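Beneath this line is the structure, given in structure tokens, with notes to follow.
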Amino acid sequence: MVSIPPNDTDLFKRKAVEYVILLGPSDGSKPGPADQVDYLLLESVKRSRGSDRVDAIVCTYDLSKKGRLIDTTTPQGHNRILEVRAYDREGNLSILKAWGVVTQQSQAINESDEYVTLTARQEPWLFGDPIYKYMQWNTKEWIHADLIFQPIIDDKTVDNKADPFEETENDPPLLWILDPESTRTDEARGFQECWPARWTLAEAVYYLFQILGTYQYEDYPTIGRYYEYPSLDDLRGIFDEDLELSDVRIPMGSTLADALDILLTPYGYFWYVRSIIGIDEVAKHYFEFAKKGAGETVSVYLQRPGDQIDNLFTNLSEFRANYNIGDLANRIIAVSSPIQFEATFELYKGWNDDDDGLDLHQLKKGGDESLYPTKRDVGRKWVLNEARDYDTIRPEIDGKAAKELVFNLLDVLTGHENEDGDNYKRRRFQECFSLNPDGESSGIIVEWLNADLADNDNPDGKWEEVEWPYSVLNKECGIYFEGAVPPDELWTLINEDPSKARIRVTAMVEGDTRKVSTVTRQESSPNGADVTLFLDLSSRFHYRTTHIWNTQDLPAEKITRSIIYDRDDYKPNVADDSTLLSDFAHQVRDIEDVTLLSCSLYLDGVDHAEYEIGKLIDKVDGRNLDLNGKSPDQSAKRLPQIVGINEYFNSEQKTELLLESFKEERPRTEIRR
């Protein structure tokens, strides 16, 4: 039988690290060298990143020094900081391995033993109160609401950082949230004495620390008791200033840890805490920020089988890696929202022409002679007939509007090659996507042809917005006049000559087809088969048009270009995001077309200062085991990143590197302004 080869790494041992545990005073202040205790035995130290971080120290009591487990009570007013330090090469106690506040204690007694375990952690409340209020520019009262950077209003991202007319010289600088509705006009901006400006990611992160800091708001307790604030200049040197925020919402009551995750994660960054010993021999704790998948690259070391083991060339005691090419995506199908078509639609009368001669009082709601219960649509219901429901009720209904609508909602990718499309179905009028001067929807406009306004240029009259009460039908394209009787002016025209009574509606109708982008597999993909990812990007990419398609065989008669198009203050808000959709799909393929690598590394000893959170591991040097998640033929690399470090001190000292093979964040769409 073949025997299992010996583990070469068992042939050497690293020198154990001498550590010291410091337990601070009961007032919660930081410990110093004089606060060393010898009755706590270190079990493990864990460090991680983000709001899910579990930075923790686990110790056990040396009961031979503390005595047996007797006379214990629930603590009262307990608030003590625990630190683990180690000696540097000069013999100074200057290496801070971990710290936390003692919050957990476990006790056990069994037939053979009794023990007490102590856990110190960096709890969320150490970062300060939850964020539940903020001061707004030019207000004297707290705002109790979600904190929003760059809100979306009317489908547009708007700036909401106050840029004062007169610069202030605060140190540290002060930033302010601005209500964007308070600076819509020049007059309003003059009153507020500021312009709206764009938040950068660095400024938004800084603002979170600002509203928790005592130097601005005395109502918030400081987090400076435990942590050092990053400066605005430091943050600007870390984050990409060109990143554009859009509708980033920090829910009321979020902790600082959660708020930082909400801000940073979508833009490919994370945060963690780095601790050092200051020149006063007291610990200082700093917020550090790293970009996912980017950073300094280091290797781990394991010599080839048969080599003379040397701990300068081998530090790896255990290695596990799993390469998965089944869960990637190398082919992308992405779709936009359905086509939205804005136009002016002339409607048909939605009742039988036999009823055109009825008297107005017969159509009144209520009354002894009222025919309303059986003639409720007469004079009131006006329809587009897009589903051909009304072809037989009046001679003038010839289906032209239905044909024109189908033609304009045909597959926008074919260039109207399929002009025989027959998707006649009920739809409904929706608010126009064109915008008024205030940036709001132009709504739905209903007009009637007023013959009294006829002139040389308009011999039949002029179109005038109706002032009669009406509702928009929910299950078909049409309107319904809701008054006690049908509009008098219209019914008079119908009694005289039905062809003179005309109604038109300017609105948007949504179709069934969408822009589609298909990105094919690259030859360099780790997986040689097509693995397709479908993306419904309706909320991001759109096809909105006011263009009227017509031909010699099908001229535009019942459906014409939106009347809003010719207004001086018209904001078309049209969109053809075909190129943006394609670019986005290509970027997604490049991000998703990567081997998923899960990796576990254990190092001998706990003296590995070269491995820190945020660094990348490229390979197992010596064995030449590549940890790049991308194919060698792909230009970019995807390396696992250290996101946590666990150090174990009982029995043999070991370090576990927690690695994450980040996929890049999906590309962010263009900000609409």
Side-chain angles (χ1 to χ4, degrees), residues 30 44-58 81-86 95-101 103 119-128 201-202 204-206 208-209 212 223-231 234-240 250 254-278 283-298 599 601 603 606 608-617 639-647 655-665:
K30 297 177 181 178
S44 65
V45 166
K46 298 183 179 182
R47 291 180 289 140
S48 188
R49 54 83 174 97
S51 63
D52 294 331
R53 57 203 307 274
V54 286
D55 289 17
I57 304 166
V58 178
I81 292 177
L82 188 148
E83 291 181 1
V84 178
R85 299 191 187 185
I95 300 174
L96 181 57
K97 302 292 289 184
W99 78 281
V101 175
T103 55
T119 302
R121 305 192 343 155
Q122 291 186 46
E123 303 287 354
W125 44 264
L126 294 174
F127 298 110
L201 184 56
V205 171
Y206 177 78
L208 295 181
F209 290 98
L212 290 176
I223 61 171
R225 177 178 180 181
Y226 303 105
Y227 299 95
E228 306 297 318
Y229 296 111
S231 72
D234 288 342
L235 294 172
R236 283 173 171 162
I238 296 170
F239 300 116
D240 184 354
I250 310 299
S254 299
T255 65
L256 175 64
D258 289 331
L260 286 172
D261 279 359
I262 292 170
L263 262 178
L264 298 178
T265 300
Y267 298 94
Y269 293 91
F270 62 87
W271 65 276
Y272 60 98
V273 173
R274 178 177 62 88
S275 300
I276 64 171
I277 301 299
K284 292 184 180 295
H285 312 295
Y286 296 88
F287 287 87
E288 296 288 338
F289 303 89
K291 188 170 181 59
K292 293 180 181 178
E296 181 183 346
T297 300
V298 293
C599 195
L601 302 177
L603 310 178
V606 292
H608 301 287
E610 66 272 32
Y611 303 107
E612 272 301 326
I613 294 175
K615 289 187 176 182
L616 308 175
I617 306 292
L639 302 176
Q641 189 167 31
I642 301 174
V643 297
I645 300 174
N646 296 338
E647 296 173 319
T655 299
E656 178 187 11
L657 300 182
L658 305 179
L659 305 180
E660 189 163 336
S661 184
F662 286 112
K663 285 186 178 181
E664 297 173 34
E665 292 296 323

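Computed over heavy atoms, backbone and side chain alike; hydrogens, waters and symmetry mates excluded. The model shown is predicted, which means the values in this text are computed figures rather than measured ones. Numbers for residues simply follow the sequence, beginning at 1.
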Flag the pair [X] / [Y] as yes when at least one side-chain heavy-atom distance between them is below 4.5 Å, and no otherwise.
{"X": "Arg49", "Y": "Gln641", "result": "no"}
{"X": "Tyr206", "Y": "Phe239", "result": "no"}
{"X": "Lys292", "Y": "Thr265", "result": "yes"}
{"X": "Ile617", "Y": "Val298", "result": "yes"}
{"X": "Asp55", "Y": "Ser48", "result": "yes"}
{"X": "Leu201", "Y": "Tyr269", "result": "yes"}
{"X": "Tyr227", "Y": "Val273", "result": "yes"}
{"X": "Asp240", "Y": "Lys291", "result": "no"}

For [X] versus [Y], what's the shortest heavy-atom pair and its separation?
{"X": "Asp261", "Y": "Gly50", "value": "OD1-CA, 3.6 Å"}
{"X": "His608", "Y": "Leu603", "value": "NE2-CB, 3.6 Å"}
{"X": "Ala120", "Y": "Leu82", "value": "CB-CB, 3.9 Å"}
{"X": "Leu126", "Y": "Tyr226", "value": "O-CD1, 3.5 Å"}
{"X": "Ile57", "Y": "Gly100", "value": "CD1-N, 4.1 Å"}
{"X": "Pro124", "Y": "Thr255", "value": "CB-CG2, 4.5 Å"}

message: Let's go through Tyr611 and Thr655 carefully: what are the C-alpha distance in whole Å and the side-chain angles of both, what is the deciding distance for side-chain contact (heavy atoms from CB on, under 4.5 Å) to 0.1 Å, and is it a yes or a no?
response: CA-CA 10 Å; Tyr611 303 107; Thr655 299; over 6 Å; no
Approximate separation, where rounding is to 0.5 Å, of [X] [atom1] and [Y] [atom2]:
{"X": "Arg274", "Y": "Tyr286", "atom1": "CZ", "atom2": "OH", "result": "7.0 Å"}
{"X": "Glu610", "Y": "Lys615", "atom1": "CD", "atom2": "NZ", "result": "7.0 Å"}
{"X": "Glu288", "Y": "Ile238", "atom1": "CD", "atom2": "CD1", "result": "7.0 Å"}
{"X": "Arg47", "Y": "Ser275", "atom1": "CZ", "atom2": "OG", "result": "8.5 Å"}
{"X": "Leu659", "Y": "Leu616", "atom1": "CG", "atom2": "CG", "result": "10.0 Å"}
{"X": "Asp258", "Y": "Leu208", "atom1": "CG", "atom2": "CG", "result": "11.5 Å"}

- prompt: Are Phe287 and Phe209 close enough that their ring centers fall under 6.0 Å?
  reply: yes
query: Stepwise, does the side-chain contact (heavy atoms from CB on, under 4.5 Å) test hold for Asn646 with Val45?
result: CA-CA 6 Å; Asn646 296 338; Val45 166; over 6 Å; no
- prompt: Counting only N and O atoms by type, is there a donor-acceptor contact under 3.5 Å from the side chain of Lys97 to the main-chain atoms of Val606?
  reply: yes
- request: Kindly indicate, with the supporting measurements, whether the criterion side-chain contact (heavy atoms from CB on, under 4.5 Å) is fulfilled by Glu660 and Leu658.
  value: CA-CA 7 Å; Glu660 189 163 336; Leu658 305 179; over 6 Å; no
query: Is atom NZ of Lys46 surrounded by more than 12 heavy atoms (other residues, nucleotides or ligands) closer than 6.0 Å?
result: no
message: Assess the residue pair Phe289 and Val205 against the criterion (side-chain contact (heavy atoms from CB on, under 4.5 Å)); give the C-alpha distance rounded to whole Å, side-chain angles, the decisive distance to 0.1 Å, and a yes or no.
response: CA-CA 11 Å; Phe289 303 89; Val205 171; 4.1 Å; yes
